[in-house]
Amino acid sequence: MPKLDESLLTGLPPFSQLDRQQIREILDQATSHRHEEGKAVFREGFDAGRFFLLLDGHIRVVRSTETGEQVIVLHISPGQLFGIARALQRDTYPATAIAAAESIALSWPTSLWDSFVARYPGFATESYKTLGRRLGEIQSNLTAMATKAVEKRVAAALLRMVNQSGRKTEDGIEIGFPVTRENIADMTGTTLHTVSRLLSGWQKDGIVKSTRKHVVVTDPHRLVVLSQTTG
DNA sequence: TCATTAAGATTTA
DNA sequence: TAAATCTTAATGA
């Protein structure tokens, strides 16, 4: 395996306080791996042997319910750590991670987690900040599921993906990874049929433009309004 | 309001 | 061409 370039980690929150030498140490212990679209990086309940940092692509974090349906809990964007079971005092992964698009991730043996925390200033605090943000996101999504109408949940889900991964195009802002109507249904607790119907309607209204696995938000403001209006 | 069912069209591999 | 994805409409909880 070729030596990884230090610029890969420079400036990323968990490593921002480290000097060149420390980043070098960390990289020399890392393994880089490519993950094909749709393939699992790791699975819920399995031994949490490694933790990961996403360099490129997007990861869907999925949990399955007792009845077997899957729920998309959140997405991971480049630069973020994931699979950090150790930070949750767990020795198995709490969820399944699937490459939403072709992705590249670094990983380290989980046995190194404690020494990273002890040795590298800022690593622990930044990791726990990330964890806290994610818990908050999951929490507010759960609340939305229980209290908000489907239309608002779907609007909010689109906005969340656009905020995390949006790229500008001629028409508006495109969600930066492939996403099916069924995926959106799995994030919002509805069915692919309802998502399809909503997207068709919004397309007629000029709010979004979508093709298979691609969604462009052409009028973000109106989508924000839709995600908030009461009634 | 929304899930379910059904029956199809279209895109991709 | 088979499988995956998407669309639309009808029906009823």
Side-chain angles (χ1 to χ4, degrees), chain A residues 33-44 56-77 95-105 137-231:
Chain A
H33 201 289
R34 193 180 70 93
H35 301 274
E36 261 177 75
E37 177 178 341
K39 297 285 177 63
V41 179
F42 55 77
R43 291 194 176 278
E44 180 175 354
D56 192 38
H58 283 275
I59 301 291
R60 271 201 306 271
V61 177
V62 173
R63 297 201 54 168
S64 16
T65 64
E66 308 80 19
T67 46
E69 302 107 57
Q70 56 173 25
V71 177
I72 297 178
V73 180
L74 51 81
H75 288 93
I76 306 291
S77 300
T96 295
I98 295 171
E102 157 121 16
S103 298
I104 298 178
E137 189 184 331
I138 293 168
Q139 185 66 251
S140 72
N141 194 37
L142 281 176
T143 317
M145 290 267 229
T147 60
K148 292 192 169 184
V150 167
E151 186 184 44
K152 289 172 216 167
R153 305 206 299 266
V154 173
L158 293 182
L159 287 170
R160 229 188 309 144
M161 289 187 280
V162 152
N163 286 332
Q164 273 201 186
S165 74
R167 337 164 150 148
K168 291 197 183 75
T169 71
E170 327 79 66
D171 295 326
I173 314 173
E174 179 175 24
I175 293 172
F177 52 88
V179 62
T180 66
R181 278 125 187 81
E182 183 158 40
N183 291 154
I184 298 172
D186 288 344
M187 301 170 212
T188 52
T190 183
T191 62
L192 72 151
H193 311 277
T194 296
V195 172
S196 180
R197 193 175 46 72
L198 286 171
L199 286 179
S200 299
W202 291 341
Q203 178 143 347
K204 282 197 190 81
D205 294 343
I207 298 172
V208 303
K209 199 178 256 193
S210 65
T211 55
R212 159 178 287 232
K213 290 194 183 188
H214 292 277
V215 181
V216 178
V217 177
T218 49
D219 191 339
H221 179 255
R222 276 212 280 164
L223 203 57
V224 170
V225 172
L226 275 177
S227 73
Q228 292 168 348
T229 37
T230 59

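In what follows, chains are A, B, ... by sequence order, proteins preceding strands, each numbered from 1.
Taken residue by residue, residues 175-192 of chain A places heavy atoms nearer than 4.0 Å to DNA chain B at Gly189(A), Thr190(A), Thr191(A). Within a heavy-atom distance below 4.0 Å of DNA chain C, the residues of residues 193-216 of chain A found are His193(A), Ser196(A), Ser200(A), Arg212(A), Lys213(A).
With sequence neighbours excluded, the residues satisfying salt bridge (charged side-chain N to carboxylate O under 4.0 Å, His left out) with Arg222(A) are Asp219(A). When the salt bridge (charged side-chain N to carboxylate O under 4.0 Å, His left out) test is applied to Asp56(A), no partner is found at least two apart in sequence or on another chain. Residues satisfying the side-chain contact (heavy atoms from CB on, under 4.5 Å) criterion with Glu36(A), sequence neighbours excluded, are Arg34(A), Lys39(A). Here Ser140(A) pairs with nothing under the side-chain contact (heavy atoms from CB on, under 4.5 Å) rule; sequence neighbours left out. For Asp205(A), the salt bridge (charged side-chain N to carboxylate O under 4.0 Å, His left out) criterion is met by no residue, not counting sequence neighbours. The side-chain contact (heavy atoms from CB on, under 4.5 Å) check on Arg212(A) picks up nothing, with sequence neighbours excluded. With sequence neighbours left out, Thr67(A) forms a side-chain contact (heavy atoms from CB on, under 4.5 Å) with Thr65(A), Glu69(A).
Taking 4.0 Å as the cutoff to heavy atoms of chain A, we find the contact window on DNA chain C bounded by dA4(C) to dT8(C).
Residue pairs satisfying the ring pair (Phe, Tyr, Trp, His ring centres under 6.0 Å) criterion with at least one member in residues 187-220 of chain A, sequence neighbours excluded, are absent. Contacts classified as ring pair (Phe, Tyr, Trp, His ring centres under 6.0 Å) and involving residues 159-189 of chain A (residues at least two apart or in different chains) are given here: His58(A)-Phe177(A), His75(A)-Phe177(A).
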